[in-house]
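This report concerns only the one structure given below.
The chain is numbered in sequence order, starting from 1. Note that the coordinates shown come from a computational prediction; the quantities given were computed from them, not determined experimentally.
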Amino acid sequence: MKVVLLAGGFGTRISEESQFKPKPMVELGGMPILLHIMKLYSHYGYYEFIICAGYKQHVIKEYFADYFLHTSDITFDFSHGTSEVMIHDSTVDPWKVTVVDTGLNTMTGGRVKRVKDYIGDEPFLLTYGDGVSDVNIDELVKYHKNHGKLVTMSAYNVGQRFGVLNIEESGEITDFREKADNDGGLINIGFMVCQPEFIDFIDGDQTVLEKTPMERAAKEGQLMAYRHKGFWQCMDTVREKEKLEEMWASGTAPWKVW
């Protein structure tokens, strides 16, 4: 199964970083958050990635073009009047990475549609390039295969930020309590598994994946939720980036399963 990563958006809510690079290339613990996500899939034996790039797509291509430079000790030898490069102790992951320029203003669904030929006629994994998690990919895929529907979406309870009020119609507050982990709603956190036929639900570049295609799949009974009860956190803002950095630096990053 190939892994499709959505990495083409503008990342405007973290513009302090994204003005220089695509949001998935913003570093977390010294490496792009995109690599954290890839390493999760790699941990479960998925090594082939299709990256749907767009905004500043050249940054992603250049990073992987120089992947040896980022991950290995290298000697540059100019002593004989030529340039020789020797790579030592390579720690390169056994990945096959295809970076596709899916357009600057293409919506999420359109990006998936544009990489259809690279996916082929087989089920594929799909997620966003800006959120880390400890989703058990083996269990997710097993769940998808067992129910036989077109799409499985990982669902996560985001909790509740503030205290909870129970209010009668009269306005009387009958209960006030602090938030609990199960007070929030379930949201789509990506980490999806899709049958190739699902791509036919996408019209073109301006199709938002989470709108018409997913809504149609739901109406036809072809969309299933895999409830994830572990860790998930997106990196939409600098505050969220700092929170993730603190976890990584302290050695308590739940998503580091590799």
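- A distance-only check finds no donor-acceptor pair linking the side chain of E48 to the backbone of V97 [under 3.5 Å].
- The distance from the CD1 atom of I74 to the CZ atom of F76 is 5.0 Å, given to the nearest 0.5 Å.
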From CA spacing to verdict: side-chain hydrogen bond (donor to acceptor under 3.5 Å, both in side chains), S79, D77:
CA-CA 6 Å; S79 61; D77 187 355; 2.6 Å; yes
Report the C-alpha separation of D205 and M107 in whole Å, then their side-chain angles, then the decisive distance to 0.1 Å, and conclude whether the side chain to side chain contact (heavy atoms under 4.5 Å, CB included) test is met.
CA-CA 6 Å; D205 283 358; M107 297 293 103; over 6 Å; no
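- Of the candidates V112, L223, V151, V151 is the only one forming a side chain to side chain contact (heavy atoms under 4.5 Å, CB included) with F198.
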Take L35 and F64 through the test side chain to side chain contact (heavy atoms under 4.5 Å, CB included) and record every step on the way to the result.
CA-CA 11 Å; L35 263 70; F64 285 104; 4.0 Å; yes
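- Side-chain atoms of H228 come within 3.5 Å of backbone atoms of F231 as a donor-acceptor pair (strictly under, hydrogens ignored).
- Between the side chain of T127 and the backbone N or O of F191, at least one donor-acceptor pair lies under 3.5 Å.
- The side-chain hydrogen bond (donor to acceptor under 3.5 Å, both in side chains) with Q195 is formed by just one residue from the set H144, K149, E122; it is H144.
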Check the pair L104 / F10 against side chain to side chain contact (heavy atoms under 4.5 Å, CB included), numbers first and verdict last.
CA-CA 8 Å; L104 187 61; F10 289 97; 3.7 Å; yes
Given I51 and Q57, is the side chain to side chain contact (heavy atoms under 4.5 Å, CB included) satisfied, shown in steps?
CA-CA 10 Å; I51 301 176; Q57 50 88 24; over 6 Å; no
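- The two atoms that bring K56 and Q19 nearest to each other are CE-O, 3.2 Å, heavy atoms only.
- Under the 4.5 Å side-chain heavy-atom criterion for ILVMFWY residues, no single connected hydrophobic cluster contains both V100 and Y46.
- A donor-acceptor contact shorter than 3.5 Å is absent between the side chain of T207 and the backbone of I202.
- No side-chain heavy atom of F20 sits under 4.5 Å from any side-chain heavy atom of M25.
- Between E210 and N188, some side-chain heavy-atom pair lies under the 4.5 Å cut-off.
- Between H88 and M86 there is a side-chain heavy-atom pair separated by less than 4.5 Å.
- One hydrophobic cluster holds both Y226 and W255 under the rule that ILVMFWY side chains link at heavy-atom gaps under 4.5 Å.
- Between the N136 side chain and the E139 main chain, a donor and an acceptor come within less than 3.5 Å of each other.
- In terms of hydrophobic clustering, with Ile, Leu, Val, Met, Phe, Trp and Tyr side chains grouped at heavy-atom distances under 4.5 Å, F201 and V4 are assigned to a common cluster.
- Grouping the Ile, Leu, Val, Met, Phe, Trp and Tyr side chains by contacts below 4.5 angstrom, directly or via other members, places L150 apart from V141.
- Side chains of Y44 and L40 form a contact here, defined as non-hydrogen atoms less than 4.5 Å apart.
- Between K256 and D134 no salt bridge is recorded (no basic side-chain N to carboxylate O distance below 4.0 Å).
- A distance of 11.0 Å separates CG of L6 from OG1 of T106, quoted to the nearest 0.5 Å.
- Rounding to the nearest 0.5 Å gives a distance of 13.5 Å between CG of D130 and NZ of K241.
- Panel note: side chain H36, backbone L28; a donor-acceptor pair is recorded below 3.5 Å.
- Judged as a salt bridge (Lys or Arg N to Asp or Glu O under 4.0 Å), and not counting sequence neighbours, E27 has no contacts.
- In this structure, H80 NE2 and E84 CD are separated by 6.0 Å, a value rounded to the nearest 0.5 Å.
- Counting heavy atoms from C-beta on, the side chains of L5 and P24 never come closer than 4.5 Å.
- Here K142 contributes atom NZ and H147 contributes atom NE2; the two are 13.5 Å apart, rounded to the nearest 0.5 Å.
- Surrounding CG of D121 are at most 12 heavy atoms belonging to other residues, nucleotides or ligands under 6.0 Å away.
- Side-chain contact between N157 and W232: absent, with no pair of heavy atoms (C-beta onward) separated by less than 4.5 Å.
- Checked by atom type and distance alone, the side chain of S72 never pairs as donor or acceptor with a backbone atom of L69 at under 3.5 Å.
- Heavy-atom minimum distance, K113 versus D203: CE-O, 4.1 Å.
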What's the verdict on side-chain hydrogen bond (donor to acceptor under 3.5 Å, both in side chains) for Y67 and D93, showing C-alpha distance, side-chain angles and the deciding distance?
CA-CA 10 Å; Y67 194 44; D93 295 280; 2.9 Å; yes
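- From M235, atom CE reaches atom CD1 of I33 across 4.0 Å, with rounding to the nearest 0.5 Å.
- Scanning both residues, L34 and G129, for their nearest heavy atoms gives CD1-CA, 4.4 Å.
- Although no hydrogens or angles enter the test, the distance criterion places a donor-acceptor pair under 3.5 Å between the side chain of E240 and the main chain of T237.
- Classification of E215 and K211 as a salt-bridged pair fails, no side-chain N sitting under 4.0 Å from a carboxylate O.
- In this structure, the side chains of I119 and I50 come closer than 4.5 Å at one or more pairs of heavy atoms.
- Listed by chain and residue number, nothing satisfies the side-chain hydrogen bond (donor to acceptor under 3.5 Å, both in side chains) test with E197 (two or more places apart in sequence, or in another chain).
- Looking at residues two or more places apart in sequence or on another chain, you find no salt bridge (Lys or Arg N to Asp or Glu O under 4.0 Å) involving D138.
- Scanning for side-chain hydrogen bond (donor to acceptor under 3.5 Å, both in side chains) contacts around D236 gives R13, K23, with sequence neighbours left out.
- Residues Q206 and N105 come closest through the heavy atom pair NE2-O, 3.9 Å.
- Residues K39 and M31 have side chains in contact (heavy-atom distance under 4.5 Å, counting atoms from C-beta outward).
- Residues M192 and V132 do not share a hydrophobic cluster, clusters being chains of Ile/Leu/Val/Met/Phe/Trp/Tyr side chains in contact below 4.5 Å.
- Ion pairing between D200 and R216 fails under the 4.0 Å rule for side-chain N and carboxylate O.
- Nearest heavy atom pair, residue L126 against residue C194, reads CD2-SG, 4.1 Å.
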Before giving the answer on side-chain hydrogen bond (donor to acceptor under 3.5 Å, both in side chains), spell out for R114 and T102 the whole-Å C-alpha distance, their side-chain angles and the decisive distance to 0.1 Å.
CA-CA 6 Å; R114 285 208 184 191; T102 56; over 6 Å; no
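- Using a distance-only test at 3.5 Å, with no hydrogens or angles considered, a donor-acceptor pair links the side chain of Y156 to the main chain of G230.
- Contacts classified as ring-ring contact (aromatic ring centres under 6.0 Å, His included) and involving residues 102-132 (residues at least two apart or in different chains) are not found.
- Of all heavy-atom pairs between F49 and S42, the closest is CZ-N, 4.5 Å.
- Residues meeting the side-chain hydrogen bond (donor to acceptor under 3.5 Å, both in side chains) test with S154, sequence neighbours left out: none.
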